[in-house]
Amino acid sequence: MYSIVNKLYLQSLMTNDTMTNDRLIAPSILSADFGNLQRDIEMLNQSESDWVHVDIMDGVFVPNISFGFPVTEVSFKYSTKPLDVHLMIVEPDCYLKRFKDAGAASITVHIEACPHLHRTVQAIKQLGCRAGVALNPHTPVAMLEDIITDLDLVLIMSVNPGFGGQHFIENTYKKVADIKALADKHNPNLFIEVDGGVDQNNVAKLAATGANVFVAGSSVFSAPSPSSMISTLKHA
Ligand code: DX5
Ligand code: ZN
């Protein structure tokens, strides 16, 4: 029987394979067509994308509400690629297990929403997920100095979280350089992810600065050929 455990195992193998690539593309389904979500996820399955980015917004931590468990479960059901779940919610600890059960391969929480970040990160790892921490544009990378060795992933927000289709904040390059320097010193296998306003004009410079995972919502799903845009982002 093809169980959820088997699927998670196969997806983790795929993640290990893609770890050898220096640039991973994680299209955000926030910009997908929810009336045709299965179709859009099957398009991603056929594309050069590596992860599927799942944006969860609660209307409290950010001024918008996106979707929750049912959409995450459906995404997991149809995706052959690992789900990269980004929690833009307060009190994420209450929901970690439910997102793991919904199919999350990685779970990223916001440092600004976690007063006991070390405990939250350990809880994510105990569930068997990759543990990520996201920083809002105003939050300095130095806040991660005492937890960097515990992390699998750092997500640098390059827009203020809450909406797709916003303009990329230029100070992101400095923050990527800062986290890359910290990672080189203390955690060289860290995934450095950039989220917000990523497109074909900034992806190469971000990669050269040290980022290796790129979330892309509107640049992918509003392109004439989303699949071609994913290839462009991967190789630009
Ligand atoms: C924003 C989300 C992003 C969003 C990115 O709060 O975290 O993942 O989907 O969308 P684009 O690529 O359109 O900026
Ligand atoms: Zn996101």
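None of the values given here were measured: they were computed from a predicted structure. Along the sequence shown, residues carry numbers from 1. Ligands are counted one by one from 1 in listed order, and the atoms in each one are counted from 1 as well.
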### Message
Checking side chain to side chain contact (heavy atoms under 4.5 Å, CB included) between I25 and each of V215, V213, D50, which is the one that passes?
### Response
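Of all the options given, the one that passes is D50.
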### Query
Does the separation of the ring centres of F76 and F69 fall below 6.0 angstrom?
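No - the distance between ring centres of F76 and F69 does not fall below the 6.0 Å cut-off.
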Check whether [X] reaches the backbone of [Y] with its side chain - one donor and one acceptor, N or O, closer than 3.5 Å.
{"X": "T120", "Y": "D93", "answer": "no"}
{"X": "Q166", "Y": "N160", "answer": "yes"}
{"X": "K97", "Y": "L127", "answer": "no"}

Any side-chain donor-acceptor pair under 3.5 Å between [X] and [Y]?
{"X": "E42", "Y": "Q38", "result": "yes"}
{"X": "D55", "Y": "H53", "result": "yes"}
{"X": "H235", "Y": "E48", "result": "yes"}

### Query
Parallel under 30°, tilted from 30 to 60°, perpendicular over 60°: which one fits the rings of W51 and F191?
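W51 vs F191 ring planes: perpendicular.
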Considering only N or O atoms, set out every pair between ligand 1 and the protein closer than 3.5 Å, with distances to one decimal place.
| unit_1 | atom_1 | unit_2 | atom_2 | d |
| --- | --- | --- | --- | --- |
| ligand 1 | 6 (O) | G162 | N | 2.8 |
| ligand 1 | 7 (O) | D55 | OD1 | 3.0 |
| ligand 1 | 7 (O) | H86 | ND1 | 3.3 |
| ligand 1 | 7 (O) | D195 | OD2 | 2.9 |
| ligand 1 | 8 (O) | H53 | NE2 | 3.4 |
| ligand 1 | 8 (O) | D55 | OD1 | 3.0 |
| ligand 1 | 8 (O) | D55 | OD2 | 2.7 |
| ligand 1 | 8 (O) | D195 | OD1 | 2.6 |
| ligand 1 | 8 (O) | D195 | OD2 | 3.0 |
| ligand 1 | 9 (O) | S28 | OG | 3.0 |
| ligand 1 | 9 (O) | D55 | OD2 | 2.9 |
| ligand 1 | 12 (O) | G217 | N | 2.8 |
| ligand 1 | 13 (O) | G165 | N | 2.8 |
| ligand 1 | 13 (O) | S218 | N | 2.9 |
| ligand 1 | 13 (O) | S218 | OG | 2.6 |
| ligand 1 | 14 (O) | G197 | N | 2.8 |

### Message
Listing by chain and number, which protein N, O or S atoms are under 2.8 Å from the Zn ion (ligand 2)?
### Response
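Under 2.8 Å from the Zn ion (ligand 2) - ignoring waters, which are not counted - the protein N, O or S atoms are H53 NE2, D55 OD1, H86 ND1, D195 OD2.
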